[in-house]
Structure formats: structure tokens, C-alpha cells
Amino acid sequence: MPTTLQDQLVVAISSRALFDFEEENRLFEAGDAHAYMQLQLDRLHRPAAPGVAFSLVRKLLAFNDGGAKRVEVVMLSRNDPVSGMRVFRSAQAHGLTQIQRGVFTQGRDPFHYLRPLGAHLFLSANGADVAQALALGHPAAQVATQAARASDAHPHEVRIAFDGDAVLFSDEAERVFQSGGLDAFQSHEVEKADLPLPPGPFQPFLTALHRLQQAGGERMRIRTALVTARSAPANERPIRTLMHWGVTVDEALFLGGLPKGEFLREFQPDFFFDDQTGHIEHAARHVPSGHVAAGVTNMATATETSRPPARSKRA
């Protein structure tokens, strides 16, 4: 039988999302690709420090410890193959011995390989690659490389927090808000409370996590949270949508426009996903975070920037 990744949760991740390659990357961004490659080669025997998404990956791979192969993590990087050697050696040094597959494109677009991988999630520090992946229908987020690292307080729980509109759900409600304001948004959501929201870019990833949770054992668990600035009465439609999908979240925070960062600090996620850069910048002070460049908010940056904070219905 041919090798297959079917029935596994597949995470594709770039080297800068998994490891701290920021010092090396400054050479690359300065236009000296040769010096970058040489530095990676010179440091071949020096493991890179863990990056923002390291905790998430390490904990997800722990679902395989019982023997069954439930999670596959694949390196998908614009790095050159020589630098890829250091990536794999760093993974080995940090105990991520299950990471054995990788695609290194030496500066070319890597996102085309997400389809044959069947990836449920793509994490990258490259915003253009993330945008292209989302356009192709893959759940993807740009890792905030400056973000705080995950807490060690929950070694047997993978904790993931999601924004709602334009992340788990479509941007339908956000479009109403931007065109008609808060009152129109609230009226729209009350009127359609029993009608499920269309799925957003991260609905497939949430569904895959739900399957993993059901298949998991006692050693590792998944705890999810919906963290949104929606408030009552607009709280019902998201919950009813999740019920319609047959999935659940463990916590739901309806913050009514309050900043998310301090609440996320208390939840202590291994990763948080949101579609608005301003909210990611705030959250990243407290927890690992990634920007989902989807929905109308990312098509109208000027409108988002000029919006009075008091009118914000979600974050």
C-alpha cells in the first residue's frame, strides 16, 4: 500500500514559525542570500531556539505517542535545501524527531504544495504566502514572530483560541457591520440567530481538531476557545452554528469590544488566530498569535484603521 497522510491532522509550517531564525533572516532580507546560507551552514551544529509555534507543534505531535499516527508536521519553507539541514537538525535536537518531511523551495512560492499534502493548517512568517494559501482555500496564518511564547502551565493540553467572524465563520456579519454599523449588525444577527453562519477559512481546522480530540487518549487533550468581541444578543448565532457543524468549543468569551490580550493571557493558549492586525499586535504581547488575512477587514485596511473603537463589535 502507498504511504498516505489520510486520516491524520496535517500541519505545514515554515522554519521561522517553528524556530527563531530572526537573526539569520535579517541577512536574507538585506539581500545577501549567500551570506544567509553560509551562516546557516556555519551554525549547522547549533540548534535554533524554539519559535512562536513550537509549543503548538510539540503538543500536537504528542498525540502520536500512543503508537497511532494521528498528526503529521511537514516543514514547508522558502529556505534553501542547505539551510533545511539545520532546520531538521534543530528539530531533532529539541526532541521533535517525528518531523521528517520537508519542502524547501529556495525562495520560490511554497504554498502550491499544500494541496498534495492535504494540509489542515499552514503557519508561516511570510504574509504573502499566507494570503495565497488562504486564497486557495487552505487555513493559514502569518505568525507574529515577536509574539510571547506559550506558557508551560498545561503540558497535557493543546490550547487554541479562535476569533469568530472571518476566521471560524465567514465575514458575512462583518460586512453588515461595516456597511451599517453596530445597530444594523445586532439586528441582522438577532434576525438570523437560527441560521448557521457560512464556514470561514478555519472551520476545516476546527473540525480536524474535533476529530483528533475524539481519537485522542488520556495523555493529551485539546481545549479550544472562541474569543470574540461580540456580545449578547449577537452571541447566539455563533454557538448555534457550531452546534450545526457538530463541533464544540470548551470556552466562549463574548467580550463586547474589550481588548482580548489580558483574557488570552488567562486562557494561556498555545496559539491564537485573528483576522485583524491590530488585535494580533495586542494579543502577541501575551500569547503566541497569528494573523488570518481573510475577509472584508483585510480588504479595507483604511476603513478598519479609522473605525472608532467604541463601535467595535468583535475582535
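Contact check for Thr228 versus Phe169: no side-chain heavy atoms found under the 4.5 Å cut-off. Contact of the His34 side chain with the Asp32 side chain is registered, since non-hydrogen atoms from C-beta on lie closer than 4.5 Å.
Here the closest non-hydrogen pair linking Pro155 and Met220 is O-SD, 3.7 Å. Nearest approach of Gln186 to Ala234, heavy atoms of both residues: OE1-CB, 3.3 Å. In this structure, Ala17 and Val143 approach most closely via the heavy-atom pair CB-CG2, 3.7 Å. Closest of all the heavy-atom pairs between Ile13 and Val73 is CG2-CG1, 3.9 Å. Minimum heavy-atom separation, Gly256 to Ser231: CA-CB, 3.8 Å. For the pair Phe263 and Leu258, the tightest heavy-atom approach, listed with the atom from each and the gap, is CZ-CD1, 3.9 Å.
A donor-acceptor pair under 3.5 Å is formed between the side chain of Gln213 and the backbone N or O of Ile222. Under the 3.5 Å distance criterion, the side-chain polar atoms of Arg237 are matched with a main-chain donor or acceptor of Leu195. With hydrogens and angles disregarded, no donor-acceptor distance shorter than 3.5 Å links the side chain of Glu174 to the backbone of Gly295. Under the 3.5 Å distance criterion, the side-chain polar atoms of Asp20 are left unmatched by any main-chain donor or acceptor of Ala49. Judged by distance alone, with hydrogens and angles left aside, the side-chain atoms of Arg149 form a donor-acceptor pair with the main-chain N or O of Ala147 at under 3.5 Å. In this structure, His291 contributes its side chain and Asp275 its backbone to a donor-acceptor pair below 3.5 Å. Asp274 places no side-chain N or O within 3.5 Å of a backbone atom of Asp163 that could act as its donor or acceptor partner. Looking at Thr241, its side chain does come within 3.5 Å of a backbone N or O of Leu197 through a donor-acceptor pair. Side-chain atoms of Arg159 come within 3.5 Å of backbone N or O of Phe267 as a donor-acceptor pair.
One hydrophobic cluster holds both Val167 and Val158 under the rule that ILVMFWY side chains link at heavy-atom gaps under 4.5 Å. Val176 and Val296 fall into different hydrophobic clusters, where Ile, Leu, Val, Met, Phe, Trp and Tyr side chains are chained together by heavy-atom contacts under 4.5 Å.
Within a 6.0 Å sphere centred on CZ of Phe28, heavy atoms belonging to other residues, nucleotides or ligands number 12 at most. More than 12 heavy-atom neighbours from other residues, nucleotides or ligands sit within 6.0 angstrom of CG on Asp42.
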Passes side chain to side chain contact (heavy atoms under 4.5 Å, CB included), Phe205 versus Leu9? Steps please.
CA-CA 8 Å; Phe205 179 51; Leu9 186 150; 4.2 Å; yes
Run the side chain to side chain contact (heavy atoms under 4.5 Å, CB included) test on Trp245 and Gln203 for me, step by step, so that the C-alpha distance in whole Å, both residues' side-chain angles and the decisive distance to 0.1 Å come before the verdict.
CA-CA 9 Å; Trp245 292 346; Gln203 188 262 0; 3.3 Å; yes
Report the C-alpha separation of Leu61 and Ile99 in whole Å, then their side-chain angles, then the decisive distance to 0.1 Å, and conclude whether the side chain to side chain contact (heavy atoms under 4.5 Å, CB included) test is met.
CA-CA 9 Å; Leu61 285 173; Ile99 299 180; 3.9 Å; yes
Ring pair (Phe, Tyr, Trp, His ring centres under 6.0 Å) evaluation trace for Phe111 with His138
CA-CA 9 Å; Phe111 50 82; His138 302 287; 9.0 Å; no
Could you walk me through whether Arg16 and Thr145 pass the side chain to side chain contact (heavy atoms under 4.5 Å, CB included) check?
CA-CA 8 Å; Arg16 285 178 61 208; Thr145 56; 3.9 Å; yes
Can you give each donor-acceptor pair under 3.5 Å made by side-chain atoms of residues 282-290, sequence neighbours left out, with the distance rounded to 0.1 Å?
| unit_1 | atom_1 | unit_2 | atom_2 | d |
| --- | --- | --- | --- | --- |
| His282 | ND1 | Gly261 | N | 3.2 |
| Ser289 | OG | Val287 | O | 2.9 |

Can you give each donor-acceptor pair under 3.5 Å made by side-chain atoms of residues 112-127, sequence neighbours left out, with the distance rounded to 0.1 Å?
| unit_1 | atom_1 | unit_2 | atom_2 | d |
| --- | --- | --- | --- | --- |
| His120 | ND1 | Val10 | N | 3.0 |
| Ser124 | OG | Asn126 | N | 3.0 |
| Asn126 | OD1 | Ala128 | N | 3.0 |
| Asn126 | OD1 | Asp129 | N | 2.9 |

Could you pull out every donor-acceptor pair under 3.5 Å between side chains of residues 79-93 and any protein atom, sequence neighbours left out?
| unit_1 | atom_1 | unit_2 | atom_2 | d |
| --- | --- | --- | --- | --- |
| Asn79 | OD1 | Tyr36 | OH | 2.4 |
| Asn79 | ND2 | Ser15 | OG | 2.7 |
| Asn79 | ND2 | Tyr36 | OH | 3.4 |
| Asn79 | ND2 | Ser77 | OG | 3.4 |
| Asp80 | OD1 | Ser83 | OG | 2.6 |
| Asp80 | OD2 | Val82 | N | 3.0 |
| Asp80 | OD2 | Ser83 | N | 2.8 |
| Asp80 | OD2 | Ser83 | OG | 3.3 |
| Arg86 | NE | Arg43 | O | 3.0 |
| Arg86 | NE | Arg46 | O | 3.0 |
| Arg86 | NH1 | Glu24 | OE2 | 2.7 |
| Arg86 | NH1 | Gln40 | OE1 | 2.8 |
| Arg86 | NH2 | Arg46 | O | 2.9 |
| Arg89 | NH1 | His45 | ND1 | 3.0 |
| Ser90 | OG | Ala48 | N | 3.0 |
| Ser90 | OG | Arg86 | O | 2.8 |

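Considering CG of Asp250 and CG of Leu226, their distance stands at 11.5 Å, rounded to 0.5 Å.
Judged by distance alone, the side chains of Asp270 and His154 never bring a donor and an acceptor atom under 3.5 Å apart.
Using a cut-off of 4.0 Å between Lys/Arg side-chain N and Asp/Glu carboxylate O, Glu172 and Lys192 are scored as not salt-bridged. The pair Asp109-Arg78 meets the salt-bridge criterion, since a charged nitrogen lies less than 4.0 angstrom from a carboxylate oxygen.
Just one of Arg223, Lys59, Arg221 meets the salt bridge (charged side-chain N to carboxylate O under 4.0 Å, His left out) condition when paired with Glu157; it is Arg221. Tested against Asn25, the residues Glu23, Glu29, Glu22 include a single side chain to side chain donor-acceptor pair (under 3.5 Å) partner, Glu29.
The aromatic rings of Phe271 and Phe273 lie tilted to each other, with the angle between the two planes from 30° to 60°.
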